[in-house]
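Naming convention: chains lettered A, B, ... in sequence-line order (proteins, then strands); numbering from 1 in each chain. Predicted model, so just to flag it, every value in this text is computed and none were measured.
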2 protein chains.
Amino acid sequence: MNDTKTKILDVAEGLVQRVGLNAMSYQHVSDAVGVRKASIHHHFPKKENLVEALLERCHFSYGDNYQTIVDGAGSAPDKLRQLAAVFADGLQKQQLCLVGTISADLNTLSESSRQALEATIQETVNIFVIVFKQGQQEDSLSFSSLAEEAAYAFFSFLLGAQISARACGGEESFRNATEAIISSWEN
Amino acid sequence: MNDTKTKILDVAEGLVQRVGLNAMSYQHVSDAVGVRKASIHHHFPKKENLVEALLERCHFSYGDNYQTIVDGAGSAPDKLRQLAAVFADGLQKQQLCLVGTISADLNTLSESSRQALEATIQETVNIFVIVFKQGQQEDSLSFSSLAEEAAYAFFSFLLGAQISARACGGEESFRNATEAIISSWEN
DNA sequence: GCATGCCTACCTACTGATAGGTTGGTTGCC
DNA sequence: GGCAACCAACCTATCAGTAGGTAGGCATGC
């Protein structure tokens, strides 16, 4: 992969996570990368191309990140705490989960970006589901709903907690809230 | 309260909830209200004034809304479901909780707006806390964390679930996820 | 060996649209 | 008269996106 192109994606990703999609401009990216704005357009003609590239990359980087945790050793509650820790890391840098910020601007997205977003969310939740199924099998987690629903709920909680903790309460509130959720499922 | 001023706030609120703070412009508001852009500036000189007015109003309207539910008859789990239903109503209109959308754009806010936001979140969580304390007293809810932490977690979950459900899964996913969370606390 | 053609990466310079915000009024009510 | 509400016209900054061009790498054919 081209070096500049990767740098553009890195910078854009950080900006979107910090200030949101609509406050991230090609000029900001251009300044930070050190190439002219037209060069950003050379690599990503329209903003929606950039957004979709970000989502695709997220699917192959964050997805791997989650997958590693899920595939690792340890109990299901442990793995939920590790997944939450990924979100806590972002929070520390005042950054939201990419999927979360982009979802917040859903109604300003193109149709193709919306579809890319939906697919990324679905795949992320699918990875989370594995932990809840493990929890059922080893009897370390108890929940009356389906594993799919619990995984979706947990992912949603992490998105929301990151947003509210950044605005009010910070990392400590995030940790406490996470523990409040996980312990309610833990056996 | 002035009629036009109220109409401006109504329109702005809906826009922010639908497309987000940075995609809501004075021109959009002006078009929808039927007065000129300069008149919006007459009532709210800077955008941050509008934002703060929205948050204040939210504190006195949504806050009342929540308070009515909390003060009503019924068990604590029932009240949690009623609170969730308020968020489900917004979702149906493709609208996010005002506090949620504004929080997503936290890093583009002025300092005073940030403080107004923080206060609104804190007061909202404080209302939610009452339900969790009721749940402890009547033994209808069980959680190992503090009522404050559980309330914060529940509010965070609702924010996140609204965002993820709008992007992926819709109202049904929202309902299922809500049930997955509430039932884990329910006795 | 080298000229031709094509490609990628990047540039300067620009466009039209829109953003938030200001100035200097006019109108009508207390 | 004074004030609140409103307006047309304007400002500057910035947005996404485009036009047109340059420099260098790499292949082809002679």
Review point. Of all heavy-atom pairs between Gly72(A) and Lys79(A), which one has the smallest distance, and what is that distance?
Key: O-NZ, 2.9 Å
Check your understanding: Taking atom CZ of Phe132(A) and atom OH of Tyr152(A), what is their separation to the nearest 0.5 Å?
Key -> 14.0 Å
Exercise for review: To the nearest 0.5 Å, tell me how far Ile69(A) CD1 sits from Gln82(A) CD.
Suggested key: 5.5 Å
Point to revise | Sub-4.0 Å heavy-atom contacts from residues 99-118 of chain B onto DNA chain D, ordered by number | key: none
**Study point:** Segment of DNA chain C, first to last nucleotide, that comes within the 4.0 Å heavy-atom reach of chain B
**Key:** dA19(C) to dT22(C)
Check your understanding: Reckon Ser39(B) has a side-chain N or O less than 4.0 Å from the OP1 or OP2 of dA5(D)?
Key -> no
Point to revise | Contact under 4.0 Å: Thr4(B) side-chain N or O vs dC6(D) OP1/OP2 | key: yes
Review point. How about Glu56(A): does its CD atom have over 12 heavy atoms from other parts shown lying under 6.0 Å from it?
Key: no
Review point. So, Gln27(A) and Asp31(A): side-chain donor and acceptor under 3.5 Å apart, yes or no?
Key: yes
Exercise for review: Determine whether the side chains of Ser75(B) and Ser140(B) contain a donor N or O and an acceptor N or O closer than 3.5 Å.
Suggested key: no
Exercise for review: Scan Lys47(B), Gln115(B), Glu48(B) and name whichever one has a side chain to side chain donor-acceptor pair (under 3.5 Å) with Ser110(B).
Suggested key: Glu48(B)
Exercise for review: Could you name each residue pair satisfying salt bridge (Lys or Arg N to Asp or Glu O under 4.0 Å) that touches residues 155-174 of chain B, not counting sequence neighbours?
Suggested key: none
**Study point:** Pair listing, salt bridge (Lys or Arg N to Asp or Glu O under 4.0 Å) test, anchored in residues 113-123 of chain A, at least two apart
**Key:** Glu111(A)-Arg114(A)
Review point. His42(A) NE2 to dA19(D) C1': how many Å, rounded?
Key: 15 Å
Exercise for review: Using a 4.0 Å cut-off on protein heavy atoms (strictly under), produce a 5'-to-3' string for nucleotides 9-18 of chain D with B for base contact, S for backbone-only sugar-phosphate contact, and - for none.
Suggested key: ------SBBB
Point to revise | Sequence neighbours excluded, every pair satisfying side-chain hydrogen bond (donor to acceptor under 3.5 Å, both in side chains) that has a member inside residues 97-106 of chain A | key: none
Practice item. Indicate, with a heavy-atom threshold strictly under 4.0 Å, whether Arg36(A) touches base, sugar-phosphate, or nothing. Key: base
